[in-house]
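When a ligand or atom number is given, it counts from 1 through the structure's own listing order.
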Amino acid sequence: MISNSQCDRGISFVGCGSATPQKIITNDQLSQRVDTNDEWIQSRTGIGERRVISENESLIDLATHAALNAVKMANWDVKTIDLIILATSTPEDLFGSSPKIQSNLGASNAVAFDLTAACSGFLFALITASQYLASGSMKRAVVIGADQLSKWVDWDDRKTCVLFGDGAGAVAVEAVNDETGLIGYDLKSDGSKGDCLNLSQSNNFLDLIPGASYQKGEYFPIKMQGKEVYKFAVREVPIILGEILDKYQIKSDKIDWLLLHQANQRILDAVASRFSIPSEKVLSNLKFYGNTSAATIPLMLDEAVRDQRIKSGDLIACSGFGAGLSWGAALFYWHGPY
Ligand code: UT7
């Protein structure tokens, strides 16, 4: 377990932002392509529609927009940003998309890098950023979760294509010497179950010269054993959240908002019921965006901050989970201006 008790300084959440593509694809529209229907998708997942990046948009643009909104909310000069981490499994450039975002923002003093942990990516990136801030080596960080799973979904596989969408969200976090926003966290991986959900490379070797071959860079579409991932999520998320609540001696009735990775409404409901958290405190926007992978948590946070459901000082219990398999949880207070 990684614990922020090892760090010298606290972390404050001071801004958030998000951006989503223009194009909406409803369940009814999807049923024109695959054998599915709105009733099945809504009742099994809570998803009503999702958004898909079109030709005139890009993941980097969405991520830049989300980051800029977070920086504006935090009221930061972009030159004071030290670190930008882009959590994504779908970069535009496999060498990394975050430097482009850094230059788009004009954050010329920031170091930027990508981090991949699928749907847990935002949480993993947030905890990574918090280590730089808490150690005192950096002061201000922007953590972005952005994914374009639409380009890796098999749009003829009804078991997966109905679930995913594109989007971006971001938070601005800074090191503080007084009361911390980030109370505690834990991150986990289990690669032995990685086959339950993957976007793996094809093993396509082509002739290079006589006697030598090379592997062509290409990937298979997303493959998922839905039931296994479902069981993993409803088993592990309550355990990891429960451990953090116990560690910091926080009773679940003190949680203002349950902010989970938006994968399936039934997963959100199952986790909430394990902690007796009433549905009014369970944040969900699955209906409008589906599962946007690394983007779901900051996208949901931004929506609930801007519509003033989440207020400064609110306690948020957050958990992300997904491919890897990977999962994590964090407890934090929101300290933004709303
Ligand atoms: O970010 C983390 C990523 N993923 C997840 O968190 C996903 C976790 N898993 C799930 O959310 C659920 O397992 C699913 C929503 C993916 C599937 O729900 P399910 O209740 O586990 O359904 P199932 O896979 O057991 O399928 C039940 C039936 C099957 O038909 P038969 O074999 O019973 O005749 C499927 O073929 O539903 C059928 N089905 C569909 N029918 C209409 C599967 N997908 C669809 C569809 N439309 N889109």
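Residue contacts with ligand 1 for Y230 involve both N, CA, C or O and side-chain atoms from C-beta outward (heavy atoms, distance under 4.0 Å). At a heavy-atom cutoff of 4.0 Å, ligand 1 is contacted by the side chain of N264 but not by its backbone. Counting heavy atoms under 4.0 Å from ligand 1, residue V34 does not touch it at all.
Counting the atoms of ligand 1 from 1 in the order shown, those under 4.0 Å from a heavy atom of T36 are 42 (C), 46 (C), 47 (N), 48 (N). Distances below 4.0 Å separate heavy atoms of T45 from the following atoms of ligand 1: 15 (C). Atoms of ligand 1 lying under 4.0 Å from at least one heavy atom of N291, given by number and element, are 1 (O), 2 (C), 3 (C). Close approach of ligand 1 to M224 is summarised as follows: ligand atoms under 4.0 Å from at least one heavy atom of the residue are 4 (N), 7 (C), 16 (C). In summary, the atoms of ligand 1 found under 4.0 Å from a heavy atom of H261, numbered by their order in the structure, are 1 (O), 2 (C). Close approach of ligand 1 to R44 (heavy-atom distance below 4.0 Å) involves ligand atoms 19 (P), 20 (O), 22 (O), 27 (C). Taking every heavy atom of V162 and a limit of under 4.0 angstrom, the matching atoms of ligand 1 come to 48 (N).
Atom 30 (O) of ligand 1 has as its closest protein heavy atom R158 NH2, 4.3 Å. Closest to atom 6 (O) of ligand 1 among all protein heavy atoms lies A263 CB, 3.3 Å. From the protein, the heavy atom lying nearest to atom 5 (C) of ligand 1 is V229 CG1, 3.6 Å. Protein heavy atom at the shortest distance from atom 44 (N) of ligand 1 is W40 CH2, 3.4 Å. The protein heavy atom nearest to atom 21 (O) of ligand 1 is K227 NZ, 3.0 Å. Protein heavy atom at the shortest distance from atom 18 (O) of ligand 1 is R266 NH2, 3.5 Å. Distance from atom 9 (N) of ligand 1 to its nearest protein heavy atom, with residue and atom name: G226 O, 2.9 Å.
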query: Taking it one step at a time, do D307 and R309 satisfy salt bridge (Lys or Arg N to Asp or Glu O under 4.0 Å)?
result: CA-CA 6 Å; D307 70 17; R309 269 177 288 171; 2.8 Å; yes
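Side-chain atoms of Q265 and S284 include a donor-acceptor pair closer than 3.5 Å. One side chain, S98 or D114, offers a donor N or O that lies under 3.5 Å from an acceptor on the other. Of the N and O atoms on the side chains of D147 and T88, at least one donor lies less than 3.5 Å from an acceptor on the other residue.
Scanning both residues, C16 and R306, for their nearest heavy atoms gives O-NH2, 2.7 Å. In this structure, L299 and S18 approach most closely via the heavy-atom pair CD1-CB, 3.5 Å. A pairwise comparison of heavy atoms in Q225 and D195 identifies NE2-O, 3.6 Å as the closest pair. The two residues L315 and D256 make their nearest non-hydrogen contact at N-OD2, 2.7 Å.
With a 6.0 Å radius and a threshold of 12 heavy atoms from other residues, nucleotides or ligands, H65 has its NE2 atom at or below the threshold. Environment of NZ in K23: sparse, with no more than 12 heavy atoms of neighbouring residues, nucleotides or ligands closer than 6.0 Å. Y132 OH: 12 or fewer foreign heavy atoms inside a 6.0 Å radius. With a 6.0 Å radius and a threshold of 12 heavy atoms from other residues, nucleotides or ligands, E218 has its CD atom above the threshold.
The N/O atoms of C119, backbone and side chain alike, include none that comes under 3.5 Å of an N/O atom in ligand 1.
Using a 4.5 Å heavy-atom cutoff, the side chains of C196 and V229 are in contact.
Under a 4.0 angstrom heavy-atom cut-off, L197 registers as being in contact with ligand 1.
Distance screen at 4.0 Å: atom 11 (O) of ligand 1 has a protein heavy-atom neighbour inside the cut-off. Less than 4.0 angstrom separates atom 14 (C) of ligand 1 from none of the non-hydrogen atoms of the protein. Taking a distance limit of 4.0 Å, we find that atom 36 (O) of ligand 1 is approached by some protein heavy atom. For atom 40 (C) of ligand 1, a protein heavy-atom neighbour is found at a distance under 4.0 Å. Under the 4.0 angstrom criterion, atom 25 (O) of ligand 1 counts as having a protein heavy-atom contact.
Linking ILVMFWY side-chain heavy atoms closer than 4.5 Å, directly or via other members, places I297 and V173 in a single hydrophobic cluster.
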